[in-house]
Participant: 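One structure, as structure tokens, below. Some questions next.
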Amino acid sequence: MDILDTPNAPVLKNNRRTLNGWAMFDWANSAFALVITVAIFPPYFLSVTNDIIHIGALEVSNSSLFAFAISAAYILIALVSPWLSGIADAGGRKMWFLKFFTTFGAIGCLSLLWFNGMSTLWVGTVGFIMAMIGFAGGLVFYNSYLPDIATEDMYDRVSARGFAFGYVGSVLLLIINLVMILKPEVFGLPAEDTLPARISFVMVGLWWIGFSQISFRRLPKDQRRGSDKISTMAKQGYQEIKKVWKDLKGQQEVKRFLYSFFCYSMGVQTILYLASVFAEKELAFAAEELIYVVLILQVVAIGGAYLFALISEYRGNVFSLASMLIIWILICLFAYFVEGKTEFYYIAGAVGLVMGGIQSLSRSTYSKLLPEGTEDTTSYFSFYDVLEKVAIVSGTFIFGLAELITGNIRNSVLVLGVFFLISLVLLLRLKVERPKRKAAKG
């Protein structure tokens with residue numbers, strides 16, 4: 001048995017096998033982020049539902065309902081995430097919760113097999129929300145492993161490696177799904193039917209739960225401590241969250257970063273989730289064209305994650321993040337005026353360039369700002385994660401509300417640009433120390 005597989009083994013930082021095992025979780029769950037939240041499910045949802053959906057006395061567009069479904073999922077996880085992650089840290093159960101949310105999300109993906117029209121709208125909505133909760137809930141525990149397995153000087157590169165793994169893995173599955181949807185006869189499937197798309201949702205669930213097993217085996221095992229009673233751990237978890245909140249009051253740089261992070265997360269995540277909806281409604285993109293757009297975005301994002309990690313090493317995290325925020329602002333401005341599909345392809349390339357970089361550097365920057373010697377990393381990352389989820393709730397809700405009020409989805413995009421501008425102003429006040437390089441092990 002490998003020493004890393006024993007429950008009480010010491011964690012060897014910068015171990016290649018452990019780092020790659022951590023990055024494989026991005027390979028596993030990014031399939032959901034790409035295939036279901038970005039490439040295939042949004043246009044599928046619009047195609048099998050009515051343009052206007054009646055919910056009681058309320059009339060909403062199907063695109064607004066999709067945005068509100070994302071908001072609902074993140075509201076739920078934002079409410080329970082601090083409590084759960086506090087329990088995980090207090091009881092030493094990071095891995096247990098990572099496995100739970102992964103399984104829960106994969107089941108949500110599998111249930112989408114039965115979503116084929118308005119009569120099963122509730123299946124599609126509930127299944128999608130379940131998968132979103134599983135994805136978002138698992139990320140807080142996954143992210144919190146970074147300070148446990150890598151030294152501070154390696155945060156940027158290791159974080160970028162995770163996103164790169166995620167982009168490669170998700171693109172491979174998306175290509176398979178693309179062939180299945182465009183050439184269903186190759187797989188013995190009917191040509192004029194929703195079955196190929198629905199099978200792709202099932203494949204995401206199997207991919208997610210299957211490749212996660214590598215991460216489950218290689219990451220540090222749970223170090224059980226304290227009481228095994230949920231009620232006792234819940235109390236301990238609540239105390240951990242209160243401690244983080246109290247500690248943050250005296251950490252000015254952490255707070256400055258979190259304010260900026262909150263604002264730009266409203267824009268970044270909303271664009272990622274609703275870009276395909278914009279393209280389908282405003283520019284009449286077909287499903288296969290949207291997949292091509294996403295493939296361009298993902299391929300560029302692989303290089304973008306490493307590019308901005310490299311820039312941060314030479315010019316610092318603040319310079320790298322600020323550069324990306326300026327690009328995000330320009331993206332929103334160009335998207336507001338875009339009229340043709342060719343221009344949108346260029347915008348997608350720009351989104352890909354900064355998408356992976358800003359997510360990767362946000363995670364590593366926060367890790368650098370944590371107090372030295374912090375042990376309850378899950379609780380700190382829970383706070384970070386809750387802020388991101390509240391930002392997503394705010395961003396997607398405002399996006400849907402702006403369209404609902406103005407009747408023009410372009411106005412929603414323009415509002416996102418304001419979020420990026422505010423975050424840039426806040427970020428420029430931040431100071432992040434650049435750690436000295438340490439020798440890597442393994």
Side-chain angles (χ1 to χ4, degrees), residues 23-46 66 69-70 73-74 102 105-106 108-110 112 127-128 130-136 138-139 142 160-182 196-212 215 268-280 285 287-305 344-345 347-360 392 396:
M24 280 302 298
F25 191 79
D26 246 318
W27 173 289
N29 75 348
S30 290
F32 166 77
L34 177 60
V35 175
I36 293 186
T37 67
V38 176
I40 297 179
F41 187 75
Y44 176 82
F45 184 91
L46 298 183
F66 183 74
I70 297 173
Y74 277 102
T102 298
C109 293
L110 297 176
L112 295 178
F128 177 68
M130 280 182 61
M132 288 292 295
I133 290 173
F135 176 76
L139 280 180
Y142 167 62
R161 182 188 303 183
F163 279 100
F165 270 47
Y167 294 137
V168 173
S170 57
V171 165
L172 287 176
L173 182 59
L174 181 60
I175 290 173
I176 296 172
N177 294 151
L178 176 62
V179 174
M180 184 170 62
I181 291 172
L182 297 182
R198 289 184 288 129
I199 289 178
S200 71
F201 305 147
V202 173
M203 292 176 67
V204 169
L206 296 177
W207 181 283
W208 189 357
I209 194 69
F211 282 108
S212 292
S215 302
V268 171
Q269 300 300 330
T270 302
I271 288 175
L272 295 185
Y273 289 135
L274 298 172
S276 57
V277 173
F278 176 89
E280 195 272 344
F285 269 74
E288 58 270 22
E289 290 177 308
L290 284 171
I291 295 176
Y292 294 141
V293 169
V294 173
L295 283 173
I296 293 172
L297 189 152
Q298 293 295 114
V299 171
V300 175
I302 297 172
F344 192 80
Y345 282 117
I347 292 175
V351 170
L353 180 66
V354 290
M355 177 181 67
I358 202 162
Q359 291 179 310
S360 173
I392 294 171
T396 53

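None of these values were measured; they are calculated from a predicted model. Because only heavy atoms are used, hydrogens play no part in the values below, and waters and symmetry mates are left out as well, while side chains stay in.
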Participant: Which heavy-atom pair separates S170 from S30 by the least distance, and what is that distance?
Facilitator: CB-O, 3.4 Å
Participant: Mind checking the CD1-CD1 spacing from I199 to I176? Nearest 0.5 Å is all I need.
Facilitator: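 So the gap between those two atoms works out to 13.5 Å.
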Participant: Once you round to the nearest 0.5 Å, how far does CH2 of W208 lie from CG of L110?
Facilitator: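 If I round to the nearest 0.5 Å, the distance is 10.0 Å.
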Participant: Would you say the ring centroid of F201 lies under 6.0 angstrom from that of Y44?
Facilitator: yes
Participant: Under a 4.5 Å cut-off applied to non-hydrogen side-chain atoms, are L34 and L173 in contact?
Facilitator: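 No. Closest side-chain heavy atoms not under 4.5 Å.
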Participant: How long is the straight-line distance from CD1 of I40 back to CE of M203, given to the nearest 0.5 Å?
Facilitator: 9.5 Å
Participant: Measure the CD1-CZ distance between I36 and F135 for me, rounded to the nearest 0.5 Å.
Facilitator: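 Reported to 0.5 Å precision, the distance equals 11.0 Å.
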Participant: Do T102 and I209 have side-chain heavy atoms sitting under 4.5 Å apart?
Facilitator: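 Yes; the side chains approach each other to less than 4.5 Å.
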Participant: CD1/I181 to CG/L174 distance, rounded to the nearest 0.5 angstrom?
Facilitator: 8.0 Å
Participant: Describe, in one word, how the ring planes of F128 and F41 are oriented to each other, choosing from parallel (under 30°), tilted (30 to 60°) and perpendicular (over 60°).
Facilitator: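 Ring orientation of F128 relative to F41: parallel.
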Participant: Quick check for you: to the nearest 0.5 Å, what is the distance between T37 atom OG1 and I70 atom CD1?
Facilitator: 7.5 Å
Participant: Just wondering, do W27 and W207 contact through their side chains at under 4.5 Å, heavy atoms?
Facilitator: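 Yes, side chains in contact.
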